[in-house]
Amino acid sequence: LAVASTAAAAGIAGCASSSGGSSGGSSSAPAVSKPEASAPAPAASAGLQVGSITIPSAVVTAAQAEGTCLLYGAMDEPDMINPIKPGFEEAVPGVTLKPWGGGSSEIASKLVSEFKANIVSSDVSLYSLSTARSVEGTGVYVEYTNDHWIKKAAEELGYAPGYWKSPDAPAYELPGYGLPYALHYNTDIMSAGDVPTTYEAWTDSGYTGQNGFVLQNPRQLSSQASLMATLWGLWGEETMRAWAKGFMANKPQFTTGNSGAYNVCVSGEKALCNTYINDLVGQAAEGQDIPLKIQWIDPAMTSVVPVHLTAGAPHPNAGECFAAWFMSELGQEKVADTGRTPAHAPSAAAHADFSAFIPADQVILPYAYNNPTYGGRGYIEDPEAWLPLFEEIF
């Protein structure tokens with residue numbers, strides 16, 4: 001979320017209206033070569049200002065002539081309609097946002113089928129990183145070089161390279177939002193000084209019984225699995241196997257979901273829980289007094305929802321305007337208003353709901369940012385290939 005730490009240098013290898021076009025058709029598929037876009041960053045006085053980002057005047061003029069931006073988003077449609085839609089339309093006058101909501105797999109399938117049928121409807125998409133990467137080889141996204149103005153804007157805002165910069169992130173990804181996960185501790189059971197501050201310390205023998213851990217089972221191949229895969233990539237097999245043996249010796253409790261683990265910790269059955277921060281943030285925003293606090297441990301990670309521009313989009317300039325607005329302070333504020341965590345740490349730190357939980361200087365990287373592999377298979381690309389390992393060590 002903030003400027004990347006040295007650890008981030010390892011990097012990662014590597015939204016149509018509801019009446020949009022049919023996924024069928026007999027037109028021949030377009031070539032799958034990926035478009036690249038490069039344009040110099042604009043002068044500070046040129047174009048439309050959205051937060052601290054300057055959208056070039058030529059892009060704004062073309063977007064206003066297009067008049068519409070069609071977004072495919074995995075975000076709940078009511079949240080896209082309010083506050084995302086009015087926020088964008090106020091910031092970029094003359095361009096109407098038309099959102100279509102669906103699940104990540106549904107969005108990926110829709111993008112690919114429309115692209116192959118040469119009837120592209122969407123301009124921009126917003127859905128999970130792993131699902132989006134699974135279809136990148138079909139050529140459905142526009143790739144942007146690092147000297148493009150929109151990439152420069154991300155740099156100037158202080159996004160970690162893993163969110164936007166090649167080769168640390170694919171050239172088609174731009175910052176969106178995330179679901180960070182961090183260590184929670186029950187303040188009725190454990191004092192701040194007794195909370196582990198490193199992952200290595202999770203194996204200490206004192207973290208047992210009520211003072212022990214509860215977390216989603218890594219075999220669920222969700223956030224905790226991505227944490228374990230990341231540590232595998234950082235530490236290597238020998239160290240990771242020894243750590244897992246020590247951790248399991250403390251008999252942690254596993255649940256089938258992050259919220260389930262969170263509730264166990266809130267109830268006081270366990271003192272420590274590594275889980276998404278959104279439950280705690282949401283309940284605190286509602287005024288509830290929850291006996292939990294957060295301990296950030298580096299590397300801190302998040303499940304990522306990036307922004308992608310669609311290859312062959314009918315309104316490409318409007319799509320760029322949306323992407324720029326979404327990753328600006330203005331867009332990130334609206335993201336926070338939906339209860340989702342802004343990818344931009346200063347925006348999270350400035351928002352009433354998140355300011356008590358995310359320090360402005362906290363680096364939060366995309367999960368599995370170091371592209372860990374097991375048996376020759378990358379975790380992001382093929383998480384199920386890791387299941388035999390997790391079944392063995394956990």
Side-chain angles (χ1 to χ4, degrees), residues 14-39 59 62-81 84-85 88 92 95-145 148 150 166 169-174 176 304-326 380-384:
C15 279
S17 67
S18 58
S19 58
S22 164
S23 62
S26 58
S27 301
S28 59
V32 297
S33 59
K34 301 167 186 172
E36 289 192 3
S38 179
V59 175
Q64 291 170 332
E66 293 166 351
T68 301
C69 177
L70 291 90
L71 165 67
Y72 284 179
M75 182 182 290
D76 296 337
E77 201 164 271
D79 286 338
M80 290 195 289
I81 293 173
I84 301 300
K85 175 179 168 67
F88 170 70
V92 186
V95 182
T96 300
L97 183 66
K98 294 185 177 181
W100 179 87
S104 290
S105 295
E106 187 178 8
I107 291 172
S109 177
K110 195 172 178 66
L111 287 171
V112 172
S113 62
E114 291 181 355
F115 183 75
K116 289 183 175 180
N118 201 19
I119 50 172
V120 175
S121 298
S122 74
D123 302 306
V124 60
S125 59
L126 183 66
Y127 67 116
S128 73
L129 178 145
S130 57
T131 308
R133 289 190 181 180
S134 70
V135 299
E136 66 90 17
T138 63
V140 295
Y141 310 124
V142 180
E143 294 189 346
Y144 291 92
T145 58
H148 189 273
I150 204 167
S166 303
Y172 55 84
E173 287 179 358
L174 293 168
V304 181
V305 180
V307 174
H308 318 87
L309 279 296
T310 310
H315 315 107
N317 295 282
E320 286 191 359
C321 287
F322 177 83
W325 171 81
F326 198 82
I380 293 177
E381 295 79 11
D382 190 7
E384 290 191 4

From [X] atom [atom1] to [Y] atom [atom2], the distance as rounded to the nearest 0.5 Å:
X	Y	atom1	atom2	answer
Lys110	Ser105	NZ	OG	14.5 Å
Glu381	Glu136	CD	CD	9.0 Å
Thr68	Lys98	OG1	NZ	4.5 Å
Leu309	Leu174	CG	CG	6.0 Å
Leu70	Phe322	CG	CZ	11.5 Å
His308	Arg133	NE2	CZ	8.0 Å

Nearest heavy-atom neighbours spanning [X] and [Y]:
X	Y	value
Trp325	Ile84	CH2-O, 3.5 Å
Gly139	Ala311	O-CB, 3.4 Å
Ser121	Glu114	N-OE1, 3.3 Å
Ile107	Ala74	CD1-N, 3.4 Å
Ala171	Ser166	CA-OG, 3.2 Å
Met80	Pro99	CB-CB, 3.8 Å

Query raised in the report: Can you find a pair of side-chain heavy atoms, one from Leu111 and one from Val135, that are under 4.5 Å apart?
Result: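 Not touching, per the 4.5 Å side-chain cut-off.
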
Query raised in the report: Mind checking whether Ser125 and Tyr141 have side chains closer than 4.5 Å, heavy atoms only?
Result: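 Yes, side chains in contact.
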
Query raised in the report: Of the options Thr96, Val95, Leu71, which is the one that meets Phe88 in a side-chain contact (heavy atoms from CB on, under 4.5 Å)?
Result: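 Of all the options given, the one that passes is Val95.
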
Report task. Under the side chain to side chain donor-acceptor pair (under 3.5 Å) rule, collect the residues that match up with Thr131, sequence neighbours excluded. Result ->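 Once residues adjacent in sequence are excluded, the partners of Thr131 under the side chain to side chain donor-acceptor pair (under 3.5 Å) criterion are Ser128.
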
**Report entry** Results of side chain to side chain contact (heavy atoms under 4.5 Å, CB included) for Val120 - residues two or more places apart only
**Finding:**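 Here the qualifying residues are Phe115, Thr310, Pro314.
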
Report task. May I ask you to decide if Ala318's main-chain N or O and Glu66's side chain share a donor-acceptor pair within less than 3.5 Å? Result ->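 Yes; at least one donor-acceptor contact below 3.5 Å.
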
Requested in this report: Ignoring hydrogens and angles, tell me if any N or O in the side chain of Glu77 forms a donor-acceptor pair with the backbone of Gly101 under 3.5 Å.
Outcome: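 Yes, the answer is positive, given that a donor and an acceptor are paired below the 3.5 Å cut-off.
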
